[in-house]
Amino acid sequence: MSGKPQLKGRAARLARLFPAGAGQAARAPFVLLVVLLLGGGLIGLLVLNSALSEGSFKLDDLQKETKSLTDEEQALQRDVDAYSAPDALQRRARELGMVPGGDPAFLEPDGTVKGVPRPAGQSSFRTSTVRPPEVLSPYPALPPAQSSPLGAAATTTQPALPSSTTGR
């Protein structure tokens, strides 16, 4: 007799479905498969965690670079705004020897002139025209001794106005 007990009935039918002696042999590959799956999963999680950390460091660097570039853009925009302000443009134009253009004259299609043509810097003072304070001042804006690159023809004197026409 063998060392195994004899099975009867339903248990015997179920026992015939499984081959004899397979209990020990089937357990080792299953344990090896589970260990390999767990080890592969842990290594995969480690690689994924490393990739996420590297991505977060790159994101942090890009956010810092974006902030510095935004600050630089704002500083440059402030410079552009300062240079394009009307008083800065007027001061720079005077430094370059430019004078106000005055009232324009237009040519009609038939060749007639509409308006009164005058050289730049000489214009009529009408009450409807708004003039900057430098033009209304009885004193010249530039000292007469200052030379211009165009010579003496470029310097003009501004006519003094009576105090009743300045509106003050």
Side-chain angles (χ1 to χ4, degrees), residues 14-15 17-107 115 117-158 161 166-168:
L14 289 174
L17 295 175
F18 297 108
Q24 288 294 349
R27 193 172 291 172
F30 177 73
V31 170
L32 183 63
L33 177 67
V34 169
V35 168
L36 286 176
L37 286 176
L38 287 175
L42 288 174
I43 290 173
L45 285 175
L46 179 66
V47 169
L48 181 64
N49 191 16
S50 298
L52 288 175
S53 296
E54 181 182 352
S56 69
F57 284 126
K58 285 182 181 178
L59 178 65
D60 189 43
D61 290 342
L62 290 174
Q63 285 175 340
K64 287 179 184 177
E65 184 179 358
T66 300
K67 184 181 181 321
S68 68
L69 289 174
T70 302
D71 292 343
E72 182 181 353
E73 177 193 15
Q74 289 174 353
L76 290 172
Q77 187 61 45
R78 280 192 303 267
D79 290 346
V80 167
D81 291 342
Y83 287 129
S84 64
D87 59 338
L89 289 174
Q90 182 182 17
R91 184 181 64 248
R92 183 72 179 133
R94 287 191 188 274
E95 288 173 0
L96 293 173
M98 297 175 134
V99 294
D103 298 327
F106 299 98
L107 287 176
R118 292 192 173 93
Q122 298 176 359
S123 62
S124 63
F125 289 100
R126 290 183 278 168
T127 57
S128 64
T129 306
V130 178
R131 303 287 179 193
E134 298 84 31
V135 175
L136 297 177
S137 172
Y139 304 106
L142 295 173
Q146 184 177 1
S147 64
S148 78
L150 299 177
T155 59
T156 61
T157 58
Q158 298 174 353
L161 292 177
T166 61
R168 293 186 183 180

Only counting residues at least two apart or in another chain, list the ones meeting salt bridge (charged side-chain N to carboxylate O under 4.0 Å, His left out) with Arg91. none
Quick check: closest heavy atoms across Gly115 and Ala105, and the distance to 0.1 Å?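 Scanning both residues completely, I find the closest heavy atoms to be C-CB, 4.3 Å.
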Acceptor/donor pairs from residues 70-85 side chains to any protein atom, 3.5 angstrom cut, sequence neighbours excluded:
residue : atom : partner : partner atom : Å
Thr70   : OG1  : Thr66   : O            : 2.7
Asp71   : OD2  : Lys67   : NZ           : 3.4
Gln77   : NE2  : Asp81   : OD1          : 3.1
Ser84   : OG   : Val80   : O            : 2.9
Ser84   : OG   : Asp81   : O            : 3.4

N/O donor to acceptor pairs below 3.5 angstrom from side-chain atoms of residues 35-63, sequence neighbours left out:
residue : atom : partner : partner atom : Å
Ser50   : OG   : Leu46   : O            : 3.0
Ser53   : OG   : Asn49   : O            : 3.0
Ser56   : OG   : Ser53   : O            : 2.7

